[in-house]
Protein chains: 2
Amino acid sequence: MKPREETGLAVPISAVERETALSKDTLRMWERRYGFPSPTRDQFGDRIYPPAQVDKLRLIRRLMDKGFRPGKIIPQPYHSLLELLGGSHVQDPFNQNDFITDLLRFISEHRVTELRSALQSQVQNLGLRRFILEVAAPMVRAVGEAWFRGELAIFEEHLFTEVMQNLLRKWAGEARTTELKAPRVLLTTFPNEQHALGLLMVEVLMAMEGAECISFGIQMPIADIVSAVAAHQADIVALSFSQAYPRTRSSEGITELRKALQQHVEIWVGGAGVARIKRVPEKVMIINDLDGIPAEVARWRQKTDHSRLFA
Amino acid sequence: MKPREETGLAVPISAVERETALSKDTLRMWERRYGFPSPTRDQFGDRIYPPAQVDKLRLIRRLMDKGFRPGKIIPQPYHSLLELLGGSHVQDPFNQNDFITDLLRFISEHRVTELRSALQSQVQNLGLRRFILEVAAPMVRAVGEAWFRGELAIFEEHLFTEVMQNLLRKWAGEARTTELKAPRVLLTTFPNEQHALGLLMVEVLMAMEGAECISFGIQMPIADIVSAVAAHQADIVALSFSQAYPRTRSSEGITELRKALQQHVEIWVGGAGVARIKRVPEKVMIINDLDGIPAEVARWRQKTDHSRLFA
DNA sequence: TTCATTTTTTGTGTAGGACAGACTATGACG
DNA sequence: CGTCATAGTCTGTCCTACACAAAAAATGAA
């Protein structure tokens, strides 16, 4: 039990693990292999990491989430990594419209009330579906990108998430009142997947299609997803994966889930974390775009009606 | 890179770490010290844990969260631990009223719609404040206890959390409309603290007192809390800690935060995780009960007015 | 190009040891 | 009998150093 020593500014390995989401083992391994990080030691011989190294580690982590590999980026100095970061930014004049830019400015200037009411009025103007497709989803992406480039602090991203979540949850309640209840959809994410907004947007869109959505929030162990499907007689399991979710874990988990569920239960997966997935597990539906959801729900209904004809 | 092998039912150490939140180091240390767990090995010599042992580990984890120490409980057989679990359950005839029991039944019988509408109508009947104090908070506790005793599955707890969260967030929006804006309160939790409901209840209660609540959701690194306080000119930082949050981490983190913040910014902490805290850090307010919040807000206002007289 | 095979890269696993800090028990003293 | 200081025990996290399977990249053949 060696808690943090007050050693000026340098932080112990446990803090680095927490802040970078790189395991202690990995940190020690990189140190041996690449010579970075190169922490100094405290009075007990334990590693302590200077803030500059932690910053670089955070940067490396972000680049890895984008697909870069450790061996290529760890040896590079901080400023070249920053260039890499900027270079990966594709300015999209079509999506990145003025309105989104305004909203981003509200976030970075901490004008919460204005952000909240601007979003609220957009829901009124565009309607819920268009709001999600044209405002909410692009904003989630834009905020993620801005954070990635260091233009937004974590707390600013958190605040946006919170405001958006309040809004979506409020409207999710409204959307639910529809009387139709065709496929029963169970929504959740795998453990360690923190991103709730993607799931929430899917929930609202499906609810608007008249599907009976039962969201379990984020971070459900696979075994519990299986139990929940049985308990609620779900027709579809919808899973959301964010950019940062490790690809091995997602495909591994999906395969495991597919094996554990009955064949007639469909698995729908979506989000940036599975968009560029290589080997798609069998009998799993990949939803690459939010606006494809209505069609998929329709497909499910048609399929089910069809099979009923022969049942 | 040694991902899970398909070895029947036994799971590798990484999965055990994920499911029990016990670190690999701890698992190996217990094996060495206490002879439990005693995993078999796969074809590569890696530990694989039979489900029964994982169950016992989960049980041990829960008991430790309640204050039991490893050395006392690890050597005991599964059934004695179960008794310990039951024994710690205090049946409270005053709080555990019929209504709460009904709601718990809705959860365990997966009657989502009825749960949702029962809660909704209780908000109407009791009003928001009494709903939180008399229904929401007791239910959070009851559900936690029921899960702890194995009477509710994780997915059932998740679903309850989700339903309650939707409700509270919807009403949080309503409560916010009040024009008063006395203390500006920044709400969040430390990293690894997942429980959002406690925070949400506090937010609503404070908003009803006319405080300007800015919730950042869960899991904010301390450094970001400090930045957020500066950016938003917050008067108070409110932190929520659930039962399972390690006490060393909470008091350590609170002390660190206290040092980093200006003296005039108050820190309010609450939740089961700090209820039985031993050494209270200086200049930190511990809120032991939700219904004490109005008084604390009043105290803050009085204090501030008073200091203004002399300013 | 596309597919199959080899090579490199990379993270997670193993073992065993050390020790600081939290907790508990003991004893002295008012 | 309670309170406080001290000694002893318990416990998790850190250390070193090495091994190796699976993923990714590079190579070669069709």
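Because the structure is a prediction, the values reported are computed rather than measured. Below, chains carry the letters A, B, ... as their sequence lines are ordered, and counting in each starts from 1.
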Quiz item: In degrees, rounded to 10°, what is the bend between the two ends of the helix from dT1(C)-dA30(D) to dG30(C)-dC1(D), using five pairs at each?
Solution: 30°
Taking NZ, NE, NH1 and NH2 as the nitrogens, is one of them in [X] or [Y] under 4.0 Å from a carboxylate oxygen of the other?
X	Y	answer
Asp65(B)	Arg62(B)	no
Glu31(A)	Arg28(A)	no
Lys283(B)	Glu266(B)	no

Quiz item: Between Asp25(A) and Arg69(A), which is nearer to the 5' end of DNA chain D once each is assigned its nearest nucleotide?
Solution: Asp25(A)
Self-check item: Residue met sooner reading DNA chain D from 5', once Lys72(A) and Glu17(A) are mapped to nucleotides
Solution: Glu17(A)
What is the distance, rounded to the nearest whole Å, between atom [atom1] of [X] and atom [atom2] of [N]?
X	N	atom1	atom2	answer
Leu63(B)	dT11(D)	CG	P	14 Å
Ile74(A)	dT9(C)	CD1	P	13 Å
Met64(B)	dC10(D)	CE	P	15 Å
Ile48(A)	dA20(C)	CD1	P	16 Å
Ile60(B)	dG12(D)	CD1	C1'	15 Å
Arg41(B)	dC20(D)	CZ	C1'	15 Å
Phe44(A)	dG12(D)	CZ	C1'	15 Å
Ile13(B)	dT14(C)	CD1	C1'	10 Å

Quiz item: Of the residues in residues 30-39 of chain A, which ones touch DNA chain D at a heavy-atom distance under 4.0 Å?
Solution: Arg32(A)
Quiz item: Which value, rounded to the nearest 0.5 Å, describes the distance between Ile218(B) atom CD1 and Gln194(B) atom CD?
Solution: 5.0 Å
Quiz item: CZ/Phe216(B) to CD1/Ile154(A) distance, rounded to the nearest 0.5 angstrom?
Solution: 12.5 Å
Quiz item: Just wondering, more than 12 heavy atoms not from His195(B) lying within 6.0 Å of its NE2?
Solution: no
Quiz item: Met29(B) has a side chain; which of dG13(C), dA18(C), dT14(C) sits nearest to it?
Solution: dA18(C)
Practice problem: Fit a plane to each ring of Phe190(A) and Tyr245(A), take the angle between them on a 0 to 90° scale, and name the class: parallel (under 30°), tilted (30 to 60°) or perpendicular (over 60°). | Solution: tilted
Exercise. Report the residue from Ser242(B), Ser250(B), Ser240(B) that forms a side-chain hydrogen bond (donor to acceptor under 3.5 Å, both in side chains) with Glu193(B).
Key: Ser242(B)
Exercise. Identify whether any heavy atom of Arg28(A) sits under 4.0 Å from a base atom; if not, whether one sits that close to sugar-phosphate; answer base, sugar-phosphate or nothing.
Key: base
Quiz item: Contact class for Arg47(A) (heavy atom, under 4.0 Å): base, sugar-phosphate, or nothing?
Solution: sugar-phosphate
Hey, does the side chain of [X] come within less than 4.0 Å of [N]'s phosphate (OP1/OP2), counting only N and O?
X	N	answer
Thr26(B)	dT13(D)	yes
Lys24(A)	dT13(D)	no
Ser23(A)	dG11(C)	no

Quiz item: Going through the checks in order, is the side chain to side chain donor-acceptor pair (under 3.5 Å) test met by Ser23(A) and Glu17(A)?
Solution: CA-CA 5 Å; Ser23(A) 81; Glu17(A) 176 180 45; 5.4 Å; no
Quiz prompt | Donor on one side chain, acceptor on other, Trp147(A) and Glu145(A), under 3.5 Å | solution = no
